[in-house]
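Atom set for the values below is all heavy atoms of this structure, side chains included, hydrogens, waters and symmetry mates excluded. In what follows, chains are A, B, ... by sequence order, proteins preceding strands, each numbered from 1.
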Number of protein chains: 2
Amino acid sequence: MPKQNTVFKDAYNRCLRLLVVGESLPSEPELCNLLGVSRTTVRSILSQMVEAGLIEWNKRSKAVQRSPVKADFFPEHETNSLSEVIERTFMKRILIGGGEPGMQINELELAREIGVGTTSVREFLIRFSRFGLIEKRPNSHWVLKGFTRQFAEELIDVREMFELKSAAAFVSLPAEDPAWVELEALRRAHVEVLADIDSRYLEFSELDDRLHRLIQQASGNRFIIDFYDIIAIVFHYHYQWNKANARERNGKAILEHLDYIEALKTRRPEAVEAACRLHLSSARLSLMQSLSTAA
Amino acid sequence: MPKQNTVFKDAYNRCLRLLVVGESLPSEPELCNLLGVSRTTVRSILSQMVEAGLIEWNKRSKAVQRSPVKADFFPEHETNSLSEVIERTFMKRILIGGGEPGMQINELELAREIGVGTTSVREFLIRFSRFGLIEKRPNSHWVLKGFTRQFAEELIDVREMFELKSAAAFVSLPAEDPAWVELEALRRAHVEVLADIDSRYLEFSELDDRLHRLIQQASGNRFIIDFYDIIAIVFHYHYQWNKANARERNGKAILEHLDYIEALKTRRPEAVEAACRLHLSSARLSLMQSLSTAA
DNA sequence: GGGCTGCACTTTATCGACAAAGAACACAAA
DNA sequence: TTTGTGTTCTTTGTCGATAAAGTGCAGCCC
């Protein structure tokens, strides 16, 4: 089985949502933009839709015949790319299941467990190794270094350096920079979630990601921006399986974010640094606490 | 052709140097340690040496029959691992040959040019991508971001942050830490090279690498330590093909290093910071200058 | 003339296969 | 009782093959 056709399936599903009975789908190039795939894939989708009796397709006209029903969609798990599947399985294994430091990682075993070829696993591990959680012994196995307190501390130390630098750069952004607009949008989103915190506290993760990425972006430094990927993935998976005190933790963090955003808006470096430090040390504390309860 | 036997060939060559006529080679496990390979490889080497009439091998006795001659050695290029070959070729291409930013990188073409399979090239590119010089468009090609002034500045900005942090950590190392011994050894090596700078100035690169790695190590932070790999590879290849003013540049840098080392030995944070900043800004200047002459 | 379609072609993602390299274990020697 | 050897088995590194996905060009339609 070369290449899964997950790109096709995912785009097909998304394309189904564009169908409006009586109307015609837009041109092929336009669909490419809408779906973010190449024309070849768009044409496969159109062909398939003809087969399914969803549209009549003749040159420029792509008349919609009926609305899609549930059975028209591909099952969601078939739309995940291989690397996503591998990543999830792997993270589950090392963050939950026995992820003792020093453990050996076996490419073949992992591949069999997930049901994919060794090449895919290998490439995943290589990509993943930049996160500092695993290490390769050449001509031999990988070693799991483990999501330990030590790891968390090293990660957060660098994060603090970078975030302070980025936040400082943020205040010198010109007034017309789109980041200011986005910052205001984010502030509103925070306020909205806060207003209904008891039922929406889980949305914090997304806000957190957006805010911090926006700030790192201001550094204009690819190493700083790329580093945030490590933080994001670690926080993402860790808190996904570790929801103790999430309501309380997230509520507090949203308030800190709002202070941080206000500080950025004043453009006063000292105010920004203070708010930034406050939030970061609180985030550090939460992570370390959740680590000790987990262990 | 699965797996090149470069490990074997390289170990074989190194093993040839251990041969002393009249004596016997040590035990298999000991050879493993000496050569840094597994017993399987050691045994292949011994078999091969028997075939070549270099030794008589009977259980524990491995009596050396004759000294190796030049023809006994495998040619050096056959002892380089595939990834080394790929790395060199690739770096040559992007640092010297037309490495215009935005250029597309074609896995297949690269593989053919180097004469290896696509998998190896692919894995190299994935590993290399963490250096921030290339970027992947999923399901499509890689994009060369280019070794530009911009890149150099981003790299050096982070380097300065990390090195200052590491140097600060260095002064708080306990007196019995082996780093102090290594530091003194390095100081002597610097003095030696300096004494004969006109003929030995090219040895500076190695000293530079050793000193900075020693200092980063003190941070105890894997992200800081790993980041130094990026700096090392960039400086390595850049100055390897760019030797303008090398004599002068290296002489100056050695003096700065000696100041830096002295400062570390005083264990006074301010002195260290000053020496560190001085050296780093001078290194930055050299790199930026050599970039403008190259472009 | 500018955008759209049809078609042929290129490149990537993934697999299975296989030799090189590593690891495990029982037996032998000192 | 420790250390070394013989043997067997496992795992990694690399390749070529192939379907999926992307790209480029010639001609067509408004």
Side-chain angles (χ1 to χ4, degrees), chain A residues 1-11 26-32 35-47 57-62 81-83 86 104-112 115-126 136-142, chain B residues 1-11 25-32 35-46 57-62 81-83 85-86 104-112 114-126 136-142:
Chain A
M1 255 177 273
K3 243 184 184 178
Q4 323 296 96
N5 51 355
T6 56
V7 173
F8 167 76
K9 288 178 177 169
D10 181 53
S27 76
E28 295 176 13
E30 196 160 337
L31 280 171
C32 291
L35 300 172
V37 296
S38 77
R39 255 187 74 215
T40 306
T41 305
V42 164
R43 301 187 108 239
S44 311
I45 292 173
L46 292 174
S47 304
W57 181 24
N58 192 292
K59 316 254 166 137
R60 294 178 189 225
S61 111
K62 299 148 190 115
S81 86
L82 254 206
S83 40
I86 299 178
Q104 294 184 14
I105 298 168
N106 188 310
E107 294 178 1
L108 201 58
E109 188 191 334
L110 243 185
R112 277 199 278 252
V116 300
T118 48
T119 315
S120 311
V121 168
R122 230 178 125 70
E123 291 184 359
F124 166 77
L125 291 172
I126 296 174
K136 177 133 195 74
R137 297 289 145 82
N139 282 313
S140 182
H141 51 260
W142 293 82
Chain B
M1 257 176 273
K3 246 186 182 176
Q4 323 298 95
N5 52 354
T6 56
V7 172
F8 166 77
K9 288 177 176 169
D10 181 53
L25 282 174
S27 76
E28 295 176 13
E30 197 160 336
L31 280 171
C32 291
L35 300 171
V37 296
S38 76
R39 254 187 75 216
T40 307
T41 305
V42 164
R43 302 187 108 239
S44 311
I45 293 173
L46 293 174
W57 180 23
N58 191 291
K59 314 253 164 138
R60 297 180 186 223
S61 109
K62 300 152 190 110
S81 84
L82 253 206
S83 39
V85 175
I86 299 179
Q104 294 183 14
I105 298 168
N106 189 313
E107 294 178 0
L108 201 57
E109 189 191 334
L110 242 184
R112 277 198 278 252
I114 309 179
V116 299
T118 47
T119 314
S120 312
V121 168
R122 225 178 131 69
E123 291 183 0
F124 166 76
L125 291 172
I126 296 174
K136 176 131 196 73
R137 296 288 143 81
N139 283 313
S140 182
H141 50 261
W142 293 81

Dump the intermediate steps for side-chain contact (heavy atoms from CB on, under 4.5 Å) on B:Lys3 and B:Phe8, then the final yes or no.
CA-CA 11 Å; B:Lys3 246 186 182 176; B:Phe8 166 77; over 6 Å; no
Euclidean distance, atom CG of residue B:Leu31 to atom P of D:dT3 [Å, nearest integer]:
17 Å
Between P of D:dG13 and CD of A:Glu123, the distance in whole Å:
13 Å
When you check the phosphate oxygens OP1 and OP2 of D:dG6, does a side-chain N or O of B:Arg43 lie under 4.0 Å from one of them?
yes
For atom CD1 of B:Ile126 and atom P of C:dT12, their distance in whole Å:
12 Å
Integer-rounded Å distance: D:dT11 P and A:Arg137 CZ
17 Å
Would you classify A:Lys62 as touching base, sugar-phosphate or nothing, given that sugar-phosphate means primed atoms plus P, OP1 and OP2, and contacts are heavy atoms under 4.0 Å?
sugar-phosphate
Is the phosphate of D:dC29 approached by A:Arg60 (side-chain N or O, under 4.0 Å from OP1 or OP2)?
no
Verdict with supporting geometry, B:Gln4 and B:Lys9, side-chain contact (heavy atoms from CB on, under 4.5 Å):
CA-CA 9 Å; B:Gln4 323 298 95; B:Lys9 288 177 176 169; over 6 Å; no
Earlier contact from the 5' end, DNA chain C, for A:Gly117 and B:Ile105
B:Ile105
When you measure only distances, ignoring hydrogens and angles, does the side chain of B:Arg39 come within 3.5 Å of the base of D:dG6 through a donor and an acceptor?
yes
Is the shortest side-chain N/O distance from A:Thr41 to OP1 or OP2 of D:dG22 below 4.0 Å?
yes
Residue mapping more 5' on DNA chain D - nearest nucleotide basis, A:Val37 or A:Arg122:
A:Arg122
Roughly how many Å is it from CD in A:Glu107 to P in C:dA21, rounded to a whole number?
16 Å
Using heavy atoms to find the nearest nucleotide of DNA chain D for A:Trp142 and B:Asn139 separately, return the residue whose nucleotide is more 5′.
A:Trp142
Heavy atoms, side chains only, cut-off 4.5 Å: are B:Leu82 and B:Thr6 in contact?
no
For D:dC15, does OP1 or OP2 lie under 4.0 Å from any side-chain N or O of B:Ser120?
yes
Checking contacts here: which listed nucleotide (C:dA19, C:dT11, C:dC4) is nearest the side-chain heavy atoms of B:Arg112?
C:dT11
State, yes or no, whether a side-chain contact exists between A:Arg137 and A:Gln104 at a heavy-atom distance under 4.5 Å.
no
Is there, by distance only and without an angle test, a donor paired with an acceptor across the side chain of A:Lys59 and the base of C:dT5 below 3.5 Å?
no
The nucleotide from D:dT11, D:dG13, D:dT3 with an atom nearest the side chain of A:Leu108 is D:dT11
Check every atom of C:dC15, D:dG4, D:dT12 against the side chain of A:Leu82 and return the nucleotide holding the closest atom.
C:dC15
Have a look at B:Glu109 and say if it touches a base, only the backbone sugar-phosphate, or nothing, with a 4.0 Å heavy-atom cut-off.
nothing
Does the side-chain contact (heavy atoms from CB on, under 4.5 Å) test come out yes or no for A:Ile126 and B:Phe124, once each step is laid out?
CA-CA 9 Å; A:Ile126 296 174; B:Phe124 166 76; over 6 Å; no
Nearest of D:dG6, C:dT12, C:dA29 to any side-chain atom of B:Trp57?
D:dG6
With respect to the side chain of A:Pro29, which nucleotide from C:dT14, C:dC15, C:dC4 is positioned closest?
C:dC4
Would you sort out whether B:Val7 and A:Asn139 count as a side-chain contact (heavy atoms from CB on, under 4.5 Å), showing the intermediate values?
CA-CA 9 Å; B:Val7 172; A:Asn139 282 313; 3.2 Å; yes
Once you apply a heavy-atom cut-off of 4.0 Å, does B:Thr119 come out as touching a base, just sugar-phosphate, or nothing?
base
Round to a whole Å and report the spacing from CD of B:Glu28 to P of C:dA30.
14 Å
Rounded to whole Å, the CD1-P distance (B:Ile45 to C:dA20) equals 14 Å
Could you tell me whether the phosphate oxygens of D:dT11, OP1 or OP2, come under 4.0 Å of any side-chain nitrogen or oxygen in A:Asn106?
yes
Side chain B:Ser140 and base D:dG22 donor-acceptor under 3.5 Å
no
Quick check: do B:Leu35 and B:Ile45 have side-chain heavy atoms less than 4.5 Å from each other?
yes
Between the side-chain atoms of A:Thr40 and the base atoms of D:dT23, is any donor-acceptor pair under 3.5 Å?
yes
For atom CD of A:Gln4 and atom C1' of C:dA13, their distance in whole Å:
9 Å
Think B:Lys3 has a side-chain N or O under 4.0 angstrom from the OP1 or OP2 of C:dA17?
no
Under 4.0 Å, counting only non-hydrogen atoms across every strand here, what does A:Ser44 touch: a base, just sugar-phosphate, or nothing?
nothing
For the side chain of B:Asn5, counting heavy atoms from C-beta on, which of C:dT12, C:dA21, D:dT11 is nearest?
C:dA21
